[in-house]
Number of protein chains: 2
Amino acid sequence: MSYALGMSGVKSRREQYSEATRAALLAAAARRFAEHGFAGTALEDVAADIQATRGAVYHHFANKTALFRAVHEQAETAMLKRVEAAAAVHADDVLAAAGAALEEFLDCCCEPEYGRLVWQEAPLALGWPEWKASEEKYAFGMIEQTINALMDAGAMPALPAATMARAVFQLLGGAGIELAMTAEPDKIRVKDEYLQVLGYMLGAGPAEPDGPAGPAGLA
Amino acid sequence: MSYALGMSGVKSRREQYSEATRAALLAAAARRFAEHGFAGTALEDVAADIQATRGAVYHHFANKTALFRAVHEQAETAMLKRVEAAAAVHADDVLAAAGAALEEFLDCCCEPEYGRLVWQEAPLALGWPEWKASEEKYAFGMIEQTINALMDAGAMPALPAATMARAVFQLLGGAGIELAMTAEPDKIRVKDEYLQVLGYMLGAGPAEPDGPAGPAGLA
DNA sequence: CATACGACATACACAGCGTATGTTTCCGAC
DNA sequence: GTCGGAAACATACGCTGTGTATGTCGTATG
């Protein structure tokens, strides 16, 4: 029963240091994983970025996969927070909220630390089943919720909601990867084109090329 | 200037043997890669499946990536052949051809050797840029062509074709992975649900839940 | 102030890729 | 028919990177 300080919320110096290095490791790993991929990053380098050794990594995380898992969850929760904040602005309008959430999500995907990590490396690093289970908790759950809201509001016909959500999910993911890999000057254009196309597919009405909104007015 | 036989199309016994082992390696690698993933398969095991050693592998292929590349291309061309054959049946009707192609593609994805290989492992093994470039040649080109045909026929509004094609591409890919990972008894149901959803998104009209065809009648 | 434990660093075992170097078998020329 | 030579492999080696086992130092606790 040592370290009673921790129980009362006050952190001892040791704990503070430990958490600091853990956070630093997470940050360094996020950068490395996003830039060089999961297989392409050696734990040695991650540790070196922190002026530490692999011993530190293996002290804080069970193995390379566990480290990635932590990085991944961190990225997902950060994304969720941003998207929920964006949607919360339009608390009264379901469609507007969905549109805002969509755009904020695409913005998140523009940043390689989210786009590459979540949509490229994660399925590999965690394995497809775990990745899918994870997405079930984050992006996917949010999407399905929105889809159901849209169906209830009559803005979308009643189709198998789960499959529909999966399709939208994949669609957003593809847009995410594409955006993450697009060179900076083209990002705005590509993002707009995706908003158009997504609006058409989800709004499910013939959209005018110069007025991207389908009947749902999602975009 | 030896082996003049090869020039006239007749294969010497050595060449026949060599091609046989090469083909066997490709087949074994395809199974291993599809089942255990790219990183999860050791060339040792691939060679062992053929009762050979890694030397054989490295004789026929420059490295592990090159082996995967060959497997990948083989899978893609096989898929393309099947889809084109399915579409060719409806040479007169653009929509029917697109629908048949779609269904045949989904069928291909149901087989792990295509679904997992192309949509899961390939981006990792080849790297995203090369994978994308490859898809540009295969699935993507075919899709864009179909999209353009549909737009010309007035079955689909004129949206940025490239982005639209990419979205459809990603959509199909997602369906492919999902199908590839779905347990056998559920595959038919999931595939049908996807046909419904895709029909809605592409046909862009409110589809009846029990009559999956939108106005385009894609499915 | 002695002791135990947590936070690392160091050292080691092992797998898997790539390469360099044999060894055998077949082909073609003389 | 036999003899060089090259293709088709097998064998042996080095290297990198993961995971684990052990060591060391500081710090909290009785």
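Any value given below was found using the heavy atoms of this structure, including those in side chains, with hydrogens, waters and symmetry copies removed. We name chains A, B, ... by the order of the sequence lines, and we start the count at 1 in each one.
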So, is T21(B) near the phosphate of dA8(D), with a side-chain N or O under 4.0 Å from OP1 or OP2?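 False: T21(B) side-chain N/O out of range (4.0 Å or more) of dA8(D) OP1/OP2.
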Spacing between [X] atom [atom1] and [N] atom [atom2], to the nearest angstrom:
X	N	atom1	atom2	answer
L43(B)	dT19(C)	CG	P	12 Å
Q16(B)	dA7(D)	CD	P	18 Å
K64(A)	dT16(D)	NZ	C1'	11 Å
N63(B)	dG18(C)	CG	P	5 Å
F61(A)	dT20(D)	CZ	P	16 Å
H59(A)	dT24(D)	NE2	P	18 Å
E15(B)	dA6(D)	CD	C1'	12 Å
E19(A)	dC8(C)	CD	P	11 Å

Any Lys/Arg nitrogen of E193(A) or R166(B) sitting under 4.0 Å from an Asp/Glu carboxylate oxygen of the other?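 A salt bridge is absent here (no side-chain N lies under 4.0 Å from a carboxylate O).
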Taking only Lys NZ, Arg NE, NH1 and NH2, and the carboxylate oxygens of Asp or Glu, determine whether K137(A) and E76(A) approach each other closer than 4.0 Å.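 No, this pair does not count.
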Do the rings of W131(B) and W128(B) sit parallel, tilted or perpendicular, given the 30° and 60° boundaries?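 Tilted: the ring planes of W131(B) and W128(B) meet at 30° to 60°.
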On the 0 to 90° scale, with breaks at 30° and 60°, tag the W119(A)-F169(A) ring pair as parallel, tilted or perpendicular.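 Geometry flag for F169(A) against W119(A): tilted rings.
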What contact category does S18(B) fall into here, base, sugar-phosphate, or nothing, at under 4.0 angstrom with non-hydrogen atoms?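 Sugar-phosphate contact only - S18(B) comes under 4.0 Å of backbone atoms but never of a base.
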Which nucleotide in the set [options] lies at the smallest distance from any side-chain heavy atom of [X]?
X	options	result
H60(A)	dA9(C), dG18(C), dC8(C)	dC8(C)
Y58(B)	dG18(C), dA7(C), dG19(D)	dG18(C)
A56(A)	dG18(C), dC8(C), dT20(D)	dC8(C)
A52(A)	dC17(C), dA9(C), dT11(D)	dA9(C)

Pair of N/O donor and acceptor under 3.5 Å linking dG16(C) base with R54(B) side chain: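 Check fails, no donor-acceptor contact within cut-off.
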Side-chain touch R116(A)/M181(A), heavy atoms, less than 4.5 angstrom: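 Yes, their side chains come closer than 4.5 Å.
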Any side-chain to backbone donor/acceptor pair from K132(A) onto E178(B)? Under 3.5 Å, distance only.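 Side chain of K132(A) to backbone of E178(B), a donor-acceptor pair under 3.5 Å: no, none is there.
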Between E121(A) (side chain) and F38(A) (backbone), is there a donor-acceptor pair under 3.5 Å?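 Yes; judged by distance alone, with no hydrogens or angles, the pair exists.
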Taking DNA chain C as the partner, which of residues 22-41 of chain B come within under 4.0 angstrom of it by heavy atom?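 By residue number: T41(B).
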